[in-house]
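First the structure, in the form of structure tokens, and then the observations on it.
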There are 2 protein chains.
Amino acid sequence: MQPRPRMIPEATVARLAVYLRVLAGLSGGGRSHVSSQELASAAGVNPAGLRKDLSYLGPCGVRGVGYAVPALRERLARALGVEQQRACVLVGMGNLGSALAGYAGFGSRGFTFVGLLDADPARVGDLVGDTTVRPVEDLEAVVAEHGVTIAVVTTPAEVAQSVCDRLVAAGVRSIVNFAPQALTVPAGVDVRQVDLSVELQVLAFLDQQKGVQLVPDTLPTDLTAVAAAR
Amino acid sequence: MQPRPRMIPEATVARLAVYLRVLAGLSGGGRSHVSSQELASAAGVNPAGLRKDLSYLGPCGVRGVGYAVPALRERLARALGVEQQRACVLVGMGNLGSALAGYAGFGSRGFTFVGLLDADPARVGDLVGDTTVRPVEDLEAVVAEHGVTIAVVTTPAEVAQSVCDRLVAAGVRSIVNFAPQALTVPAGVDVRQVDLSVELQVLAFLDQQKGVQLVPDTLPTDLTAVAAAR
DNA sequence: GGCTGTGAAAGTGTTCACAGCC
DNA sequence: GGCTGTGAACACTTTCACAGCC
């Protein structure tokens, strides 16, 4: 009976955010229309994939012409929920935490950091952007006060789980975790794990493979030798 | 004729890096063996998936017992190429760049930042970790001097492409790009694009969806209304 | 009994090719 | 002619179930 409100795949959601950013730049340039080819190239994806992504929002282009930049922009913003401002807290004000808190891009994309927390008394009171760092003890109070549902964890790995537990208990339902530590959470809470060092590691692996492929003529009889040479 | 050196899927490579980190922690605890269940739980993945991942390296566990911690650790390190140290450069010493440069985890995983570069004269000369920030003009010299093949870009978006071009011209073949800007590179060069704000955006979307799902009884006749209400 | 290793199945995401419309 | 929208094919991952071994 339900024709379904059309589920949007997660991979698509991530790319929609990228398209929105590219459109913002394009919009500043005063462009009125853009083709899937052009948009895809600027976003670094395949044109057909981009069209499929956009089609999840329903038809939103004009055949033979392309996409109207302002209309598409508004549609994307609405689909992603950027229109309404969301209150976030950030726990762990090391270099990474400071980088994220100071990133100007967040404000325009619907995120406001209403709380910057740190366990180190030396850091409490510092001004990052226009927000003052508060002691981690205030966590529950900040979450309750602003009705925070999204949190960013940039603490050392050892304390990430306990911080996470406190966040969840206080009512946070969505967490981005940069600490190299898997978090366990109750059902209904989303965690996105981001491991910066893994990116480098994958590159190193690919790099190494390139080296191996440059010498494909050496054909060892023993397969384990190849694996070992990796 | 070739039984194939067994290609390892990229998704698996990324997880192998995580397993290696977990094992390092476990190894410090003096454990001699570990089951796929335990390792998977600590890494935040499915046990069957973990076993499949490890099976790409060939059999490396003991049935009925589990995996020998030191042996598995060494095998993973070899597969990922962590044993040999790799020279990297990092361009753009803002907060994010500093966070990455200061991350102690890299050293133990085979990465050494031999060059920290920035275009801002005010930042040149700063000491980050035990490396001095150099002017971005030195890029080609540093890459050539140390035979750098891996670079991390944490510059503003506007200059990311030109920095990338210089890196590639200098001989870099693998790039992690944190600037919100798609990079175009010649064939043979790998780019991994990391967009930190996209993670938050996806969470916001999921968060919003939860809210919608809490009121599933409202069954509007018009589908577009649902899409719009997003 | 317990746990690994792995084919087979299910699910997800990507690419292709072309019909449909301007 | 050009470009969107989309079903169908394809590729990639994940999950399941169980055979094989200690």
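Order of the sequence lines fixes the chain letters, A, B, ..., with proteins taken first and strands second; residue numbering starts at 1 for each chain.
Rounded to an integer number of Å, the gap from B:L72 CG to C:dC3 P is 16 Å. Computed from coordinates, the B:D53 CG to C:dT6 C1' distance equals 13 Å when rounded to whole Å. Here D:dG7 presents its P atom at 11 Å from OH of A:Y56, a figure rounded to the nearest Å. In this structure, the CG atom of A:L39 is 13 Å from the P atom of D:dC3, given to the nearest Å. In this structure, B:Y19 atom OH and C:dT4 atom C1' are separated by 14 Å, rounded to whole Å. For the pair B:M7 CE and D:dA11 P, the computed distance is 13 Å after rounding to whole Å. As a whole-Å value, the separation of B:L50 CG from C:dG5 P is 10 Å. Distance CG (B:L54) to C1' (C:dG5): 10 Å, rounded to an integer number of Å.
For C:dC22, the paired nucleotide is D:dG1, the pair qualifying as Watson-Crick or G-U wobble because both relevant distances are below 3.5 Å. For D:dA17, the paired base is C:dT6 (Watson-Crick or G-U wobble, both distances below 3.5 Å). With a 3.5 Å ceiling on both atom-pair distances, the Watson-Crick or G-U wobble partner of D:dC10 is C:dG13.
With the nearest nucleotide of DNA chain D identified for both A:K52 and A:C60, A:C60 has the one nearer the 5' end. Each of A:R63 and A:P9 was matched to the nucleotide of DNA chain C holding its nearest heavy atom; the match closer to the 5' end belongs to A:P9. In this structure, A:R51 and A:V62 both approach DNA chain C, and ranking their closest nucleotides by distance from the 5' end singles out A:R51.
Minimum heavy-atom separation, A:V168 to A:I175: CG2-CD1, 4.2 Å.
At C:dT4, one or more side-chain N or O atoms of B:S36 fall inside 4.0 Å of OP1 or OP2 (strictly under the cut-off). Contact annotation: A:R15 side-chain N/O to C:dT14 OP1/OP2 distance is under 4.0 Å.
Within 6.0 Å of atom CD in B:Q161, more than 12 heavy atoms from other residues, nucleotides or ligands are found, so the atom counts as buried in its surroundings.
In terms of modelled atom types and a separation under 3.5 Å, the side chain of A:R75 and the main chain of A:L57 share a donor-acceptor contact. Using modelled atom types, one side-chain atom of A:S55 and one backbone atom of A:K52 make a donor-acceptor pair closer than 3.5 Å.
Side-chain N/O atoms of A:S174 and A:D190 include no donor and acceptor closer than 3.5 Å.
Listed nucleotides: C:dC16, C:dT14, D:dT14. Nearest to the side chain of A:A11: C:dT14.
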